[in-house]
Number of protein chains: 2
Amino acid sequence: MVNGYAERFEGMDPSKVLGALELMRSGSILIRKLDAYFATHDLSQLRFLTLVLIDREPERTALAANEIAEKLDVSRPVVTRTLQGLQQAGLIRISGNKDDARAKEVSLTPLGESKLGEVLPGYFGILHDAMPNSEARQ
Amino acid sequence: MVNGYAERFEGMDPSKVLGALELMRSGSILIRKLDAYFATHDLSQLRFLTLVLIDREPERTALAANEIAEKLDVSRPVVTRTLQGLQQAGLIRISGNKDDARAKEVSLTPLGESKLGEVLPGYFGILHDAMPNSEARQ
DNA sequence: CTCCTTTAGTTAGCATGATAACTATATATA
DNA sequence: TATATATAGTTATCATGCTAACTAAAGGAG
């Protein structure tokens with residue numbers, strides 16, 4: 001398809017365009033695989049990454065919703081909704097911040113921790129398998 | 001973040017995992033750029049690709065909704081909705097297929113053709129610029 | 001020819017992303 | 001201190017993907 005158009009656009013390098021299309025394609029395929037995997041664990045990309053983020057927080061056991069939105073680069077309303085879902089599933093605990101009445105503190109429940117431990121190996125496995133061996137040896 | 005977990009998973013190659021994460025990240029960024037570009041032209045990825053597909057159809061000037069769903073790998077309900085939007089915008093014409101009363105035929109209007117001509121250069125430009133020069137020279 | 005299955009498309013409803021506009025609280029300034 | 005501005009979070013609404021279940025037409029088997 002690209003070649004059909006390529007003739008009409010001077011200075012265009014079809015290999016670059018095809019590379020970009022391939023980038024989007026392989027990225028999308030990987031995201032689909034992960035979504036399918038997460039779905040089998042009653043999670044989603046964002047739900048999973050939220051758990052990871054709380055788990056990995058150094059020096060603290062809790063995070064503000066605001067920080068989650070920034071670090072995961074999603075809008076705050078999406079974080080609100082996601083946290084509500086995780087709380088309902090019993091995976092996180094949401095409490096008020098005693099220093100700032102506006103803020104909330106989010107931490108993992110034991111169930112959330114075990115869910116994370118259960119899902120992580122498969123997650124890394126999918127990422128691992130998604131890469132060709134040529135890029136594997138450093 | 002990955003290294004923190006890497007120690008706990010035997011046989012995992014962190015460079016592969018990081019490569020996969022980078023793949024998803026760069027793919028997502030490119031998709032966002034394209035979406036932002038399409039939005040300035042009252043289009044979306046799917047609306048744009050639908051126009052391209054109809055335009056590129058060899059030997060015919062029309063396509064069935066069904067074929068669009070297959071070639072773009074999206075569900076048929078999404079195609080229905082997208083075609084309705086394109087029709088309302090005056091970019092495509094939808095007519096019945098005289099050989100099969102179930103099927104519909106979709107073709108570009110002159111407005112659709114000019115819209116495509118207006119959007120294509122910027123589209124290829126974004127794809128082109130998204131790729132590093134190292135992959136450019138064949 | 002009649003009935004069953006397949007196919008094209010639509011409708012309804014869910015998930016998950018976004019922005020705009022709102023409330024409540026914190027902070028800075030006059 | 002009083003008021004203005006900034007920040008945390010929520011609500012409402014939209015966009016765009018999906019599946020399930022539906023209608024209507026086509027095609028095949030008896």
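Bear in mind the structure is a predicted one, so any value in this text is a computation, not a measurement. First the proteins, then the strands, lettered A, B, ... as listed; each starts at 1. Any value given below was found using the heavy atoms of this structure, including those in side chains, with hydrogens, waters and symmetry copies removed.
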Under 4.0 Å between a side-chain N/O of A:Ser75 and OP1 or OP2 of C:dA18, yes or no?
yes

Hey, where on DNA chain D does chain B first and last touch, going 5' to 3'? Cut-off is any atom under 4.0 Å from a heavy atom.
D:dT16 to D:dA26

Holding to side-chain hydrogen bond (donor to acceptor under 3.5 Å, both in side chains), I want the full list of residues that pass it with [X], two or more places apart in sequence or in another chain.
X: A:Asp100; answer: A:Arg102
X: B:Glu118; answer: B:His41
X: B:Arg47; answer: none

Near DNA chain C, which residues from residues 23-38 of chain B have a heavy atom under 4.0 Å away?
none

Qualifying residues under side chain to side chain contact (heavy atoms under 4.5 Å, CB included), relative to [X], sequence neighbours excluded:
X: B:Gln87; result: B:Ile92, B:Ile94
X: B:Ser114; result: B:Leu111
X: A:Leu53; result: A:Leu63, A:Ile68, A:Lys71, A:Leu72

Heavy atoms of A:Ile31 and B:Ser28 approach each other most closely as CD1-OG, 4.2 Å

Can you name the ring-ring contact (aromatic ring centres under 6.0 Å, His included) partners of B:Tyr123, sequence neighbours left out?
B:Phe38, B:Phe48

Among pairs that include at least one residue of residues 72-84 of chain B, which meet side-chain hydrogen bond (donor to acceptor under 3.5 Å, both in side chains), considering only residues two or more places apart or in two chains?
A:Arg32-B:Asp73

Side-chain donor/acceptor pairs under 3.5 Å, residues 19-27 of chain B, sequence neighbours excluded:
residue	atom	partner	partner atom	Å
B:Glu22	OE1	B:Arg25	NE	3.3
B:Ser26	OG	B:Glu22	O	2.8
B:Ser26	OG	B:Leu23	O	3.4

What is the per-nucleotide protein-contact pattern of nucleotides 4-15 of chain C, from the 5' end, where B denotes a base atom under 4.0 Å from a protein heavy atom, S denotes such proximity for sugar-phosphate atoms only, and - denotes neither?
---BBBBB----

